[in-house]
Amino acid sequence: MQKQVRKSPFSLSFKGAALAAMLACGVMAAGSAAAQSKPKIKLAYAKCAHCMSMAMVPALAQNVEIEGINFTAGSDALTALVSKSVDIAQVTYLAYVSGLDKGFDLVAVSGQVNGGSEMLVGKDTKLASDDWAGLKKLIADYKAQGKPFRIAASRGNAQDLHMRGELAGHGIDPSKDVQFVNIPNPSDHAAALSRGEVELICSVEPFASQIRMTGVGKHFAYPYDQAAGRLTNLIVTRSDVIKEHPAEVKETVAAVVKLVDGLQKDKQGWINSIVKGTGLDPKVATEALNNAYPDYRMYRTQTKAIAGMMKDLKYVSSDVSALAEKNMDYSFLMSVTGKPKSELGY
């Protein structure tokens, strides 16, 4: 007769606990595997007040892991994109048009933030704000004395385009009446104005606010009365990324839309990102955001006008306005927002 072994309650409970632990480990392992398999996207953005908010995008993404990479200028972000070092980039409308002119594979998928441009003169310059007649006379005086009237900007950024268009609109020929000084890094603008190396500068925020608040220079004008208006930033990618990773592009656009919606309600995180990215005083960062306009829409008509203006100003060698319009893909914004493209800038 076989002896019956009675199992202790402790033995049963231990096995139950062991089984539960095994199941929990299985769930954790599955979760870990899912986390490890989350698709990744590299996102480039520039170092300026309205650009630095892009540092917040990775934390807003849900179904994609975004690696944000900060560059000194939007032109560097564009170079990283076309060289396939990154998948998506925040660039200017100007960089988008000039890239198309060079034959680059670029597709615009979202807006981001506009504005951020300001024209400033030296603190001792006897010129009132928006006194364009006075500026024209000052330029004429310099010419009569055989001296160049020097204007600084960062060649290829939105501020450079805004300023040139504004000058032309007020009867000042950018190619004949003034001399341009290219200062690639906008953080060097204040020093150039302070040392008297230039008479006028068109800078980007937060460096424009820094120039004003430190007394190095004073406000002359906001250069938004030209074809580009105050349009500044676009989110662009390549056609191969859209073809191979459409879901990731959509998730990134969704994160940008969340960012813009959030920036319109609360700017503290934006201020923090500027301070962290530039090392500037929080007061300067706060002031800079008075000249920044969050907007995820892409403006088709104005983009074509920008392309035409860039041709007129010899930024580009050909008219790419039709291509600029063709390569604006509204499908991701439409899917994320549920809005027709007629409400998204088309």
Side-chain angles (χ1 to χ4, degrees), residues 39-61 64-114 116 154-161 184-186 204 231-260 273 277 294-299 303 306-307 310 320 323-324 327-333 336:
K40 297 181 180 180
I41 283 286
K42 290 186 176 181
L43 172 67
Y45 61 95
K47 187 175 288 187
C48 60
H50 45 300
C51 309
M52 288 304 300
S53 60
M54 292 296 291
M56 302 162 66
V57 168
L60 297 172
V64 64
E65 182 180 332
I66 299 176
E67 178 186 354
I69 304 172
N70 189 210
F71 290 87
T72 298
S75 56
D76 298 325
L78 179 65
T79 299
L81 178 67
V82 298
S83 65
K84 299 189 176 182
S85 298
V86 300
D87 308 295
I88 299 175
Q90 166 265 310
V91 303
T92 62
Y93 278 81
L94 183 148
Y96 171 63
V97 172
S98 61
L100 292 175
D101 180 60
K102 293 181 175 70
F104 296 157
D105 176 15
L106 300 175
V107 182
V109 293
S110 173
Q112 190 242 334
V113 175
N114 298 317
S154 300
R155 174 73 184 178
N157 69 4
Q159 289 66 47
D160 192 19
L161 178 67
N185 192 335
V204 63
L231 295 187
T232 306
N233 286 353
L234 275 173
I235 305 300
V236 300
T237 185
R238 303 184 308 271
S239 60
D240 63 293
V241 177
I242 290 177
K243 181 180 179 180
E244 296 168 15
H245 306 285
E248 290 89 327
V249 175
K250 179 183 173 181
E251 289 293 334
T252 304
V253 171
V256 172
V257 169
K258 279 186 184 178
L259 170 73
V260 170
S273 68
D295 193 348
Y296 53 69
R297 290 183 287 269
M298 299 189 293
Y299 294 89
T303 301
I306 289 170
M310 289 177 66
V320 296
L323 183 60
N327 285 28
M328 298 179 83
D329 187 342
Y330 286 83
S331 64
F332 298 101
L333 275 176
V336 168

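The figures that follow rest on heavy atoms only: side chains count, while hydrogens, waters and symmetry mates do not. Computed from a prediction, not measured in an experiment: that's the story for all the values here.
- Between T232 and V113 there is no side-chain heavy-atom pair separated by less than 4.5 Å.
- Closest of all the heavy-atom pairs between V109 and V253 is CG2-CG2, 3.9 Å.
- Residues V256 and G111 share a closest heavy-atom pair of CG1-O, 3.7 Å.
- For Y330 (side chain) and M298 (main-chain N/O), a donor-acceptor pair under 3.5 Å exists by modelled atom type.
- Contact between M310 and L161 at its shortest, heavy atoms only, is CG-CD1, 3.8 Å.
- Atom OG1 of T237 and atom CG of L43 lie 10.0 Å apart (nearest 0.5 Å).
- Separating the OG1 atom in T252 from the CG atom in L60 is a distance of 11.5 Å, to the nearest 0.5 Å.
- Taking every heavy atom of both residues into account, A95 and L78 meet most closely at O-CD2, 3.6 Å.
- D87 places no side-chain N or O within donor-acceptor distance of the main-chain N or O of I41, the cut-off being under 3.5 Å.
- Between V257 and L333 the shortest side-chain heavy-atom distance falls below 4.5 Å.
- Taken from OH in Y93 to CG in L231, the straight-line distance is 4.5 Å, to the nearest 0.5 Å.
- Looking at residues two or more places apart in sequence or on another chain, you find a salt bridge (charged side-chain N to carboxylate O under 4.0 Å, His left out) between D295 and R297.
- For S331, the side chain to side chain contact (heavy atoms under 4.5 Å, CB included) partners at least two apart in sequence or on another chain are D329.
- For the atom pair CG (L100) and CG (D105), the distance works out to 9.0 Å, reported to the nearest 0.5 Å.
- Nearest heavy atoms, P39 versus V64: O-CG2, 3.3 Å.
- Y96 places a side-chain N or O within donor-acceptor distance of the main-chain N or O of A324, the cut-off being under 3.5 Å.
- Considering only residues two or more places apart in sequence or on other chains, A254 meets the side chain to side chain contact (heavy atoms under 4.5 Å, CB included) condition with V336.
- Across N233 and C51, no two heavy atoms sit closer than the pair ND2-SG, 3.8 Å.
- Under the side chain to side chain contact (heavy atoms under 4.5 Å, CB included) criterion, S154 pairs with N157, P186, H189, not counting sequence neighbours.
- The residue from I242, I235, V241, V236 that alone fulfils the side-chain contact (heavy atoms from CB on, under 4.5 Å) condition with V107 is I242.
- Atom-to-atom distance recorded for L234:CG and N114:CG is 8.0 Å, nearest 0.5 angstrom.
- Every pair passing salt bridge (charged side-chain N to carboxylate O under 4.0 Å, His left out) that includes a residue from residues 240-250 is listed here, sequence neighbours excluded: R238-D240.
- Atom CD of Q90 sits about 10.0 Å away from atom CE of M52, to the nearest 0.5 Å.
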Would you mind writing out the side-chain donor-acceptor pairs for residues 68-77 within the sub-3.5 Å range, not counting sequence neighbours?
from, atom 1, to, atom 2, distance (Å)
N70, ND2, Y45, O, 3.3
N70, ND2, A46, O, 3.3
D76, OD2, A73, N, 3.4

(request) Could you give me the CA-CA distance, side-chain angles and deciding distance for L259 and M54, then say whether side chain to side chain contact (heavy atoms under 4.5 Å, CB included) is met? (result) CA-CA 8 Å; L259 170 73; M54 292 296 291; 4.1 Å; yes
